[in-house]
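Have a look at the structure below, then the notes.
Owing to the predicted nature of the structure, the values given are computational and were not obtained by experimental measurement. Note that ligands are numbered from 1 as they come in the structure, with each ligand's atoms numbered from 1 the same way.
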Amino acid sequence: MIRYILFDLDETLYPATSGLMPAIGERMRTFLEQRYNLDPEVAHELQKRYWLQYGTTLRGLMLEREIDPQEYLDYVHNVEVAQFIQPDERLHKILATIPYEKVIMTNADAPHAERVLARLGVADEFTRIFDIVFMEFECKPARGAYERVLAALNARGDECILIEDSVRNLPSARELGIQTILLLPNGMDPQVQPTRRFLDPAAQDKPAECPPDANLCIQEIYQVAEAIQTLAPR
Ligand SMILES: [Mg+2]
């Protein structure tokens, strides 16, 4: 029986075309440039390698270079969320129909998650936020990240459904018995410049078609309640 729905935050609860993650990605690159005195291209390559190899840029910085994680998190998330995302009453109504406890599981930090949830107007739909600090920086897709969340919820994998936009976060969740719903990219927004997309490593991780690691795929987050109903009929 399903008890919990684990929601990814960034580019899952709001559209990938918002430009928020590219803006954060730019700040990650700027941080690397300034801290280690790197050229922009070198900083971007490093950012990409860390993201691919360790799950987040921060994890790479922590393992390969000494860094204060909180200083980095504060710096990269210092963006005006309201410039990128809008209150979403439709999403709030749909979340309210889901008859299970909903929690956030994010590789960002809790203050960023709180700002995003508050801006969307959906904070009251989520009972807990499991962030990168909770995961002790062992972030998705590490299996340990999911194990930590399951332990905190006192839940088995098969009592949870994960909602994600990043395909690489699915296999380890599936290994633990968690069912997965993947949000596919809903077309490219011509307003978002390709160069800005390139600055966001996560943008390289969005398949056009439903992969085998997803139990179900949806085109937009507004289909999430229906998808959960399909996987866990009541
Ligand atoms: Mg995401």
Q | Pair F31 + Y72: ring centers closer than 6.0 Å | A |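 When the ring centroids of F31 and Y72 are compared, they turn out to be within the sub-6.0 Å range.
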Q) Are the side chains of Q229 and I98 in touch, meaning some heavy atoms are under 4.5 Å apart? A)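 They are not in side-chain contact.
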Are [X] and [Y] close enough that a side-chain donor and a side-chain acceptor fall under 3.5 Å?
{"X": "E64", "Y": "Y54", "result": "yes"}
{"X": "N107", "Y": "T56", "result": "no"}
{"X": "Q47", "Y": "T57", "result": "no"}

Q.
Looking at R49 and E45, is there a salt bridge between them, counting it only when a charged N and a carboxylate O are closer than 4.0 Å?
A.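 Result for this pair is no, no salt bridge flagged.
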Q) Ignoring water, what protein N, O or S atoms are under 2.8 Å from the Mg ion (ligand 1)? A)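 Near the Mg ion (ligand 1), below 2.8 Å, one finds D8 OD2, D10 O, D165 OD1.
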